[in-house]
Protein chains: 2
Amino acid sequence: MSVPCICTTLRSASRRMIAFYDETIAPVGVNIAQFSLMRSIARVEPVTLTALGRRVELDRSTVGRNVRVLEKMGLVELGRGEDQREATVTLTEAGHKVLEDGAPLWDGAQKSLEDRLGVEFMRQLHTALDSL
Amino acid sequence: MSVPCICTTLRSASRRMIAFYDETIAPVGVNIAQFSLMRSIARVEPVTLTALGRRVELDRSTVGRNVRVLEKMGLVELGRGEDQREATVTLTEAGHKVLEDGAPLWDGAQKSLEDRLGVEFMRQLHTALDSL
DNA sequence: TCTCGTAACGGGCATATACCCGCAACCCAT
DNA sequence: ATGGGTTGCGGGTATATGCCCGTTACGAGA
């Protein structure tokens, strides 16, 4: 075989990395998808589900559902925008705290990867993945 | 920020690539996860769920469920091994046909990526991802 | 041979993710 | 102001994925 399927490789690597980050971030009570989404919310809150979905490149319905899980956990609040159709999301205090507490854990994971792989390698990998 | 989070980047790239390959392989009626799993099965059939799971680095229960979907689609058959605990999987004729029909589509996707990104780049990316 | 530890499943539970449909709110042009 | 196209959601449906628990089958040692 010439080049192994990049999709399979990518999915596999993604699962491994998710497991690694999930474990890393677990102490604050969320998984990496939730933590990542909350970080996105923090940057633009209050934000509508559709806008958030576009930002994180996820289907709107996916964002809606994931956000509702966070709402049950008390980490975000849902409200209505001026446009009555819009559902807006904002982080609660607890949500902000999770981000704060999780940041060093996240950084630690990042650091441990950098130590193992090298900053330059990771930078290149990041650029490569973004080009896909 | 120094290096952007490789996990987020990876998850995002993975979703995009899955979407791309799903679309590519759709004409034969399966998604890329199913196609990929079937290819793995083809290489070692008959195989037990646990062995297959180890091979593709997926939880045994995940493999079991995914295989059952394929079974409902008539693409694989489940049986019992000598060890009565073991559930063995084999591809049906229809399953083999899907692999045959899907191969050129899969190759086409691979080729189109190679054209866009270059073989060398993809080789390196593959190596990089495997090292994660 | 009987027992106990281990291995393989199946099912339950939860999240992530996408697509589609239908409803309600909005907005623009007539 | 009203009718029609557009936009934003929620819910339904389906797959992918992981973890945990209970059951059953095996196998090795007493």
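Residue numbers begin at 1 in each chain, while the letters A, B, ... track the order of the sequences. Hydrogens, waters and symmetry mates play no part in the numbers below; they use all other heavy atoms, side chains included.
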Atom CD of E93(A): over 12 foreign heavy atoms under 6.0 Å:
no

Going 5' to 3' through nucleotides 16-26 of chain D and flagging B where a protein heavy-atom sits under 4.0 Å of the base, S where only the sugar-phosphate is that close, and - otherwise, we get SBBB-----BS

Whole-Å distance between dT7(D) P and L52(A) CG?
19 Å

Are any side-chain N or O atoms of E45(B) and backbone N or O atoms of L91(B), one a donor and one an acceptor, separated by less than 3.5 Å?
yes

Just call it for I18(B): base, sugar-phosphate, or nothing, with non-hydrogen atoms closer than 4.0 Å on any strand.
nothing

Chain A reaches DNA chain C, atoms under 4.0 Å from its heavy atoms, from dT15(C) to dC26(C)

Between L132(B) and F20(A), is a side chain to side chain contact (heavy atoms under 4.5 Å, CB included) present by the stated rule, with each step listed?
CA-CA 10 Å; L132(B) 291 182; F20(A) 174 59; over 6 Å; no

Of R16(A), R15(A), R11(A), which meets salt bridge (charged side-chain N to carboxylate O under 4.0 Å, His left out) against E57(B)?
R16(A)

Counting N and O atoms only, with roles assigned by atom type, does the side chain of S36(A) sit under 3.5 Å from a partner on the main chain of A33(A), one being a donor and the other an acceptor?
no

Rounded distance (Å) that lies between atom P of dT13(D) and atom NZ of K72(B)
13 Å

Can you tell me if E77(A) has over 12 outside heavy atoms packed within less than 6.0 Å of its CD?
no

Is there a donor-acceptor pair under 3.5 Å between the side chain of T92(B) and the backbone N or O of L75(B)?
yes

